[in-house]
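Below is one structure, written out as C-alpha cells, with a few remarks after it.
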2 protein chains.
Amino acid sequence: MWHIDRESDIPVYRQIADDLERRIMYGELPPGSVLPSERKLAQELKVNRSTIVQAYDELLATGLIESHRGSGRKVGTTHWGISPLRTPNWRQYAEGGSFLPNLPVIRKIRHEKQHRSTLIDMAGGELSPDLFPAEALKRMTRELDFAGSLGYADPQGDEGLRARLVSYLYDYHRIRTTEDSILVTSGSQQSLYLIAQCLLSPGDAVAVEAPSYYFSLPMFQSAGLRFIRLPVDGEGICPDDIPELHRKHRLRMIIVNPNYQNPTGTVMSAERRLRLLELAAEHGIPIVEDDPFSLTAFDEAPPLPLKALDRSSSVLYIGSMSKIVASGLRIGWLVAPQTIVQRLADARQQMDFGLSVLPQWLAAQYVGSEPFGQHLTQLREALRRKRDLTVAILERELAGEISFSVPKGGLNLWCSLHGEVDDSQLLEASIRRGILYTPGSVFGSGPGHARFAYARPREAELARGLAAFAEAWRAVRG
Amino acid sequence: MWHIDRESDIPVYRQIADDLERRIMYGELPPGSVLPSERKLAQELKVNRSTIVQAYDELLATGLIESHRGSGRKVGTTHWGISPLRTPNWRQYAEGGSFLPNLPVIRKIRHEKQHRSTLIDMAGGELSPDLFPAEALKRMTRELDFAGSLGYADPQGDEGLRARLVSYLYDYHRIRTTEDSILVTSGSQQSLYLIAQCLLSPGDAVAVEAPSYYFSLPMFQSAGLRFIRLPVDGEGICPDDIPELHRKHRLRMIIVNPNYQNPTGTVMSAERRLRLLELAAEHGIPIVEDDPFSLTAFDEAPPLPLKALDRSSSVLYIGSMSKIVASGLRIGWLVAPQTIVQRLADARQQMDFGLSVLPQWLAAQYVGSEPFGQHLTQLREALRRKRDLTVAILERELAGEISFSVPKGGLNLWCSLHGEVDDSQLLEASIRRGILYTPGSVFGSGPGHARFAYARPREAELARGLAAFAEAWRAVRG
Ligand SMILES: Cc1ncc(COP(=O)(O)O)c(C=O)c1O
Ligand SMILES: Cc1ncc(COP(=O)(O)O)c(C=O)c1O
C-alpha cells in the first residue's frame, strides 16, 4: 500500500503527507477516523519518527487532520478548514442495496487468505496452480489470430466457441444440442445468477440439495427465492420426495449437482436419475443441472449428465472450465431451450455487455482439443493421488474421530466430526495453526461438518495442513 | 443452422430427421408447433422434396410429430407416443423474473443487425473494426508470460492492472487514487449495474441527464429506481436545479456523463462542473461520473473529469477501454472509496466470480503504454475525419431539415428533425433502405430526434448510409 520512493526528489515526509492526503480525499480515511501513532507508522514505513512528525505537521497546517490531546490525531471533519464539505455517507451506501453480501464465514475465509499467504488453503474449491494446463494455454494464446471482431461480442457468446461446444458436449457428455441453445457465461456462477435473476421471481420455491454449494450464495436470497431442502444420502437426493414437496410448495425449479456433488462428493444413482427426470416431466418442473465436476472421474468412466437422458426438455445444463481447466478463465456454458438462452443473453447485455472475446477465442481452441484430452487424463491421475493422500492422512491423524465417504471424483472431501465442538472455534484454531477449510454450515448442514478441498493445496502441503487441523481439533475438543 | 454433410455415410433424409428430433427434444420446437411445409424445407435445404417426405415419415413413425389434415405437420404433444411427458412452460419462465428485458426498439435493432449483414450500422456506439489497435493487441497478447495465477482472480481485479491504472488515471485524467480504490469491471456497463444493484434500493430517486444513455437501460427500472430528469442544454445539466429537486425527491445519486455526453455530444462547462461538485458536497449526494469518451477529444485537450476536482470524495468515477480501444475486451474500472469497492467486489463475486484474467493481463500491458498513446493520436484523427464527413454529408443531404451541434469528441451526432414524422415509421423506412440509427426516444427524448453513431461505419459507408437516411426521411415525411 505504501510506496516510498527513495530515489525521488520529493522528500520522504512530503511523500507520506501526499499519500495520506490522497487517502483522506478519496474517502479511504473518512472524516473523524483515527490516524496511526507516530511510532507505529514510523515502524511500518521504516523511517524515523521525526519524518512522520513532519508529515503530520504538514497536514495539520492545511486543516486536513486534527490533533486531539490524549486521543492522537484524527482526520478533520471540516476538510481544508475552509467550507464544511460533506462527504457522502459511503458506509450507508455500501450497506444499502437489495443485493446481499457474502456470508460472514466466507468473507472471513477470503480475508484470511488475502492477509496470510502462508496458510494452507483447503477452502478454495479449485485446482492447485500446478494442475492448470498453463503451457498449453499459453501456446494456444500465442496462436490466436485475432480474426474475430474486437467489437462488442454477441451477448450469447462467441459463435466459434458455441460451435466447438456443440461437438464437445456430444463427445464428452453425450448431450445433443445446437449453437442456438448455448449461452456462454462467466463460469457456472453466472449461469446460476442469471437463472435466479431472470427466470424466477421473489417468493418462488426452489428445491436444492442439502447440503449444497447453493446455500453459500446469498444471491439466491437476494432474488427472494425460498429454498426447499432435498437431503442428500449416499445415492443423492430422493426424487420420490418431490411430488409431496411440489404439492406443498409449488416447486418452480429443482437445482442439482448430480456428479461428485459439492460438498458431499456423492454421485446420484442411475435409478434416481431416471426417476427424477420422470417426475420432473410429469409435473413440468424444470431441473437445473450444475455439472462442473463430472470429467474429474478418478477411476470410472465419467457419469453421464441428466441432460443426456432428458427427453422432455426439462433440464437446463450448466458446464464450466473452472474445475477441469482453470477457474481464472471464467468460461462456462448453459444449454437451454432457445427462448431461455435469448432471454438470458438479452438480460446479461445490460449487466456486463457480454464476455470478453479473448478467453472465448482461447476456449474455442482448447475445449475438446487433443491437448485438452491429454490434460484431462493427467488431471484425473493427479486428483486421484491427492484424494488417496488425503484419505490416508485423515485415517492416520483422526481415526475414529471423523467419518467420511471416499469421493470418486471432484475436488472435495466431506467429513462428519464425532463429538461436540463449536464450529467457529474450530475454524479459528485451525487458522491459527495454518490451515483453512470450509465449515459445513456454509453449505447449510448442521454443526460438526467440514469440507476439505484437497485439490487446492500442492501434494506436499496436504500432510502438514491436515495434521494442523487434527491438532486444532484436539485442542478445541478439549 | 442446418448442416447437411454430403460426405457422410448417414443418408441425407436421416440427417434431417435427426436434426429435427434434436430441435424438438431441446425445446426449440415446442410441442404443437407447426413444421415447415415439404416444399419450403426442400428449398431451404436444397434437397428433393421426396427427401423431406422421407424424413418426416421417420418422425411420424416414432410419434414425435403428427400429421393433421389441412394444417400440415406439427410437433407431437405426447413425445415418443409413449408417456405424456410435459415440457416445462419455458416461455412463461422466459417472461418471468424481475429483471426487465431490453427496450423493444433496442431488441429490434439488434435483431436487424444479426439478420441483415448488409445494413450500414450507425446505431452501435462503438468504433469501426479498422479503428481497433488489433495489431498492437495481438503482439502484446503473444508476449503475455502467464506468470499470474490462472486460479480465481481477485474479484476486485488483477493487482497488476490496478497498479497500472493508478498511473494511467493520473497521467491521462489527473485523478489521484490508490490500488485499493479501484474495481475492475466488465466495461462501464458492469459498474453501472453494480451501483444500481448494490448501492441503491427500490424507490430511490436518481437524477440523470435527459436525454441520456441511461434511459436505454431497463436495468435501472429492474432495480426499482426512479429517474429524475436533468435536462441537458449546450453546457450540460444545470446544477442549480438540484437543490429544489433534492428537496422534492431526496436524490440518492446523480449520474452524469460530462464529457461528450451520449447522445448529445455536449461537454459540461467548467463553471457548471464546479457548481455541481459544490452542490453535491453541500447536500452529501454522490455523483456517478461515467467517462468513456474524454480521450477521444478531436481538437482540444481532453476535458478533465469531475473526479480530478473532487475534494469531498463525492464522485464515483467510471472509465472503460470500450470507446477508445476495443469494446470486445470488456475492461472498465470504477474509482471509489474503499468501502464501496469492497462491497461491489463482494457482490460481483456472487454474480460472475470476477473477470477473466486474460483480458486483464493484456490491459495491464496496454493501458498507458507507448503504443496506447500512439493509437490514441491516430484514433482522434480518424474520428475527427469521420465527424467532418458526417457533418458535411448531413449539411448537403438535409440542409434546413435537421439541426445539430457539431460534437468535439465522442462517437455520436445528435440531430433534431424538423417537421413531424412518426419515429417508428422513419426507422422502418431507413432499415428498408439499408441504414440503422438510434431513434431519440431510446434516450428518453421526445419525438423527432435521432442519434447517428458515426464512428461505427467505415468512412466509405458514411455517405451511402446518410443518403439512405435522407431518402427515408423524405419518403416518410411525405
Ligand atoms: C457446484 C458448483 N457450482 C458452481 C460453482 C461456480 O464455479 P464457476 O463459476 O467457476 O464455474 C462452483 C464453485 O465452487 C461449484 O462448486
Ligand atoms: C455513456 C455510456 N456509458 C456506458 C456505456 C457502456 O460501455 P462499456 O460497458 O462497453 O464500457 C456506454 C456504451 O454505449 C455509454 O455510451
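For the numbers below, each heavy atom of this structure counts, side chains included, while hydrogens, waters and symmetry mates do not. Each chain gets a letter, A, B and so on, in the order the sequences are listed, and its residues count up from 1.
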### Task
Could you give me the CA-CA distance, side-chain angles and deciding distance for Arg142(B) and Thr141(A), then say whether side-chain contact (heavy atoms from CB on, under 4.5 Å) is met?
CA-CA 7 Å; Arg142(B) 290 237 166 90; Thr141(A) 301; over 6 Å; no

## Note on the structure
Whatever's closer than 4.5 Å to a heavy atom in chain B on Gln360(A) counts as neither

### Summary
Honestly, the part of Arg252(B) sitting under 4.5 Å from a heavy atom of chain A is both

### Task
Please list, chain by chain and in numerical order, all residues satisfying ring-ring contact (aromatic ring centres under 6.0 Å, His included) with Phe146(A), sequence neighbours excluded.
Trp361(A)

### Query
When you look at Ser313(B) and Trp90(A), which way does the side-chain contact (heavy atoms from CB on, under 4.5 Å) test go after all the steps?
CA-CA 9 Å; Ser313(B) 187; Trp90(A) 287 120; 3.8 Å; yes

### Message
Using 0.5 Å steps for rounding, measure from the CD atom of Gln350(B) to the OG atom of Ser222(A).
### Response
6.0 Å

### Query
Side chain, backbone, both or neither: which part of Arg343(B) has a non-hydrogen atom closer than 4.5 Å to chain A?
side chain

### Inter-chain contacts: residues 131-138 of chain A against chain B, heavy atoms under 4.5 Å
Phe132(A), Ala134(A), Leu137(A), Lys138(A)

### Task
Let me know if Leu355(B) has heavy atoms under 4.5 Å from chain A in its side chain, its backbone, both or neither.
backbone

Can you give each donor-acceptor pair under 3.5 Å made by side-chain atoms of residues 149-156 of chain A, sequence neighbours left out, with the distance rounded to 0.1 Å?
unit_1	atom_1	unit_2	atom_2	d
Ser149(A)	OG	Gly151(A)	N	2.8
Tyr152(A)	OH	Lys323(B)	NZ	3.0
Asp154(A)	OD1	Gln156(A)	N	2.8
Asp154(A)	OD2	Arg162(A)	NH2	3.3
Gln156(A)	NE2	Asp180(A)	O	3.4
Gln156(A)	NE2	Ile182(A)	O	3.1

### Query
Within a radius of less than 6.0 Å around CZ of Arg107(A), do more than 12 heavy atoms belonging to other residues, nucleotides or ligands occur?
yes

### Task
Please flag which part of Ser322(B) lies under 4.5 Å from any non-hydrogen atom of chain A: side chain, backbone, both or neither.
side chain

### Query
Leu194(A) versus chain B, heavy atoms under 4.5 Å apart: side chain, backbone, both or neither?
neither

### Task
Let me know if Ile285(B) has heavy atoms under 4.5 Å from chain A in its side chain, its backbone, both or neither.
backbone

### Query
Are the side chain of Asn102(B) and the backbone of Asp346(A) linked by a donor-acceptor contact shorter than 3.5 Å?
yes

### Task
Check Ser356(B) against Leu329(A) and note the closest heavy-atom contact, atom names and distance.
OG-O, 2.9 Å

### Task
Tell me, please, which residues at least two apart from Tyr193(A) pass ring-ring contact (aromatic ring centres under 6.0 Å, His included).
none

### Test side-chain contact (heavy atoms from CB on, under 4.5 Å) applied to Gln189(A) and Asp352(B), step by step
CA-CA 5 Å; Gln189(A) 194 74 20; Asp352(B) 62 15; 5.8 Å; no

### Task
Look up atom CZ in Phe99(A) and atom CG in Leu199(B), then write down how far apart they are to the nearest 0.5 Å.
12.5 Å

#### Entry: Among Glu126(A), Gln92(A), Met219(A), residue most engaged with chain B (heavy-atom pairs, under 4.5 Å)
Glu126(A)

### Task
Measure the shortest side-chain to side-chain distance between Ser314(B) and Pro88(A) over non-hydrogen atoms and say whether it is less than 4.5 angstrom.
yes

### Query
Checking heavy atoms, do the side chain of Pro286(A), its backbone, both or neither come under 4.5 Å from chain B?
both

#### Entry: Under 4.5 Å from any heavy atom of chain A - which part of Pro101(B)
both

### Message
Could you measure the distance from the CG atom of Leu316(B) to the OH atom of Tyr93(A)? Nearest 0.5 Å is fine.
### Response
9.5 Å

### Query
So which of Gly354(B), Gly124(B), Ala94(B), Ser186(B) has the biggest tally of heavy-atom pairs under 4.5 Å with chain A?
Ala94(B)

### Summary
Whatever's closer than 4.5 Å to a heavy atom in chain A on Gln349(B) counts as both

### Message
To the closest 0.5 Å, what do you measure between CD (Gln190(A)) and CZ (Arg348(B))?
### Response
10.0 Å

### Query
Between Leu100(A), Asn89(A), Thr185(A), Val325(A), which has the largest tally of heavy atom pairs under 4.5 Å with chain B?
Leu100(A)

